[in-house]
Amino acid sequence: PVYPPGPGGERGCGSTLLPLQGLLRPPQKGIQMTVATDNTTAEAPAAAKNAGKVRFVGIVSLVAGLIMAVAGVFTWVTVADQLADQNITVAEDAASFAGAPVDGPFTAYAQAQIIDQHTMESTGGLTYAELDREDPLRAMAMNSSFLQASLFTAVVSFGVAAFATGMGALLVLMGLGFIWTIPSKRD
């Protein structure tokens with residue numbers, strides 16, 4: 001490619017570096033660089049040292065990503081199995097998933113919502129804290145609160161599991177990207 005003249009009006013080798021001017025900087029003290037001619041590559045001990053660091057970061061990212069992804073999938077399956085073992089079915093009058101078994105985040109959320117609706121109807125719109133201590137509905141409101149909290153905890157657990165799996169996959173891709181950008185010693 002032909003580039004416009006350099007800052008001093010020169011053409012040729014100096015002007016071919018014009019697009020790279022922002023990336024170039026003088027060698028740092030203590031780093032020796034040799035430039036070979038006749039189509040051989042330049043040797044830079046610092047580049048080899050950095051390549052090892054980048055490869056190490058890539059391997060660590062890859063391993064951490066695999067661990068996170070496996071842990072996320074394991075958590076999702078464990079929470080789903082625990083919910084399914086409880087044999088809970090979403091109430092027939094629920095806004096969504098009516099009659100479905102509670103074994104995932106959406107069905108758990110739907111069941112928690114309908115439990116809250118039933119409790120508010122039974123207590124006249126009063127929460128556990130708002131009911132009189134002697135009110136017989138207070139125990140029912142307390143159980144309702146505990147059930148909702150458990151179901152919402154399951155929903156959050158599914159979210160954390162999905163996040164861990166997604167971040168694990170991202171770290172695996174980043175690790176592979178780091179590893180693949182470094183030429184092997186055979187190259």
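With values rounded to the nearest 0.5 angstrom, Leu176 atom CG is found 10.5 Å from Ile59 atom CD1. If you take OG1 on Thr127 and CZ on Arg138, they are separated by 9.0 Å, rounding to the nearest 0.5 Å. Here the OG1 atom belonging to Thr165 is positioned 8.5 Å from the CE atom belonging to Met68, to the nearest 0.5 angstrom. For the atom pair CG of Leu147 and NE2 of His118, the computed distance is 13.0 Å after rounding to the nearest 0.5 Å. Between atom CG of residue Leu131 and atom CE of residue Met142 there is a gap of 11.5 Å, rounded to the nearest 0.5 Å. With values rounded to the nearest 0.5 angstrom, Thr78 atom OG1 is found 11.0 Å from Leu83 atom CG.
Nearest heavy atoms, Gly65 versus Val172: C-CG2, 3.6 Å. What you find for Ala51 and Ile182 is that their closest heavy atoms are CB-CG2, 3.7 Å. When every heavy atom of Ser122 is checked against every heavy atom of Leu137, the shortest pair comes out as O-CD1, 3.2 Å. The two residues Thr75 and Ser157 come nearest to each other via the heavy atoms CG2-O, 4.3 Å. Taking each heavy atom of Val90 and Gln111 in turn, the nearest pair found is CA-OE1, 3.0 Å. Considering all non-hydrogen atoms of both residues, Ala69 and Ala169 come closest at CB-N, 4.4 Å.
Hydrophobic clustering, defined by side-chain heavy atoms of Ile, Leu, Val, Met, Phe, Trp and Tyr closer than 4.5 Å, groups Tyr109 together with Phe152, Val155.
There is a path of hydrophobic side-chain contacts, each under 4.5 Å, that joins Phe97 to Ile115. By the criterion of side-chain heavy atoms lying less than 4.5 angstrom apart, applied directly or through intervening Ile, Leu, Val, Met, Phe, Trp or Tyr residues, Phe163 is grouped together with Leu171 in one hydrophobic cluster. Linking Ile, Leu, Val, Met, Phe, Trp and Tyr whenever their side-chain heavy atoms come within less than 4.5 Å leaves Val60 and Val57 in two separate clusters. Both Ile67 and Ile179 belong to a common hydrophobic cluster when Ile, Leu, Val, Met, Phe, Trp and Tyr are linked at side-chain heavy-atom distances under 4.5 angstrom. One hydrophobic cluster, built from ILVMFWY side chains closer than 4.5 Å, holds both Leu66 and Trp180.
For the ring-ring contact (aromatic ring centres under 6.0 Å, His included) condition, the pairs that include at least one residue of residues 52-85, sequence neighbours left out, are Trp76-Phe158.
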Worked check of side-chain contact (heavy atoms from CB on, under 4.5 Å) between Thr123 and Glu130: CA-CA 10 Å; Thr123 62; Glu130 296 169 332; over 6 Å; no
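No side-chain donor-acceptor contact under 3.5 Å links Gln113 and Gln117.
Counting only distance, with no hydrogens or angles, the side chain of Ser145 and the backbone of Ala141 share no donor-acceptor pair below 3.5 Å.
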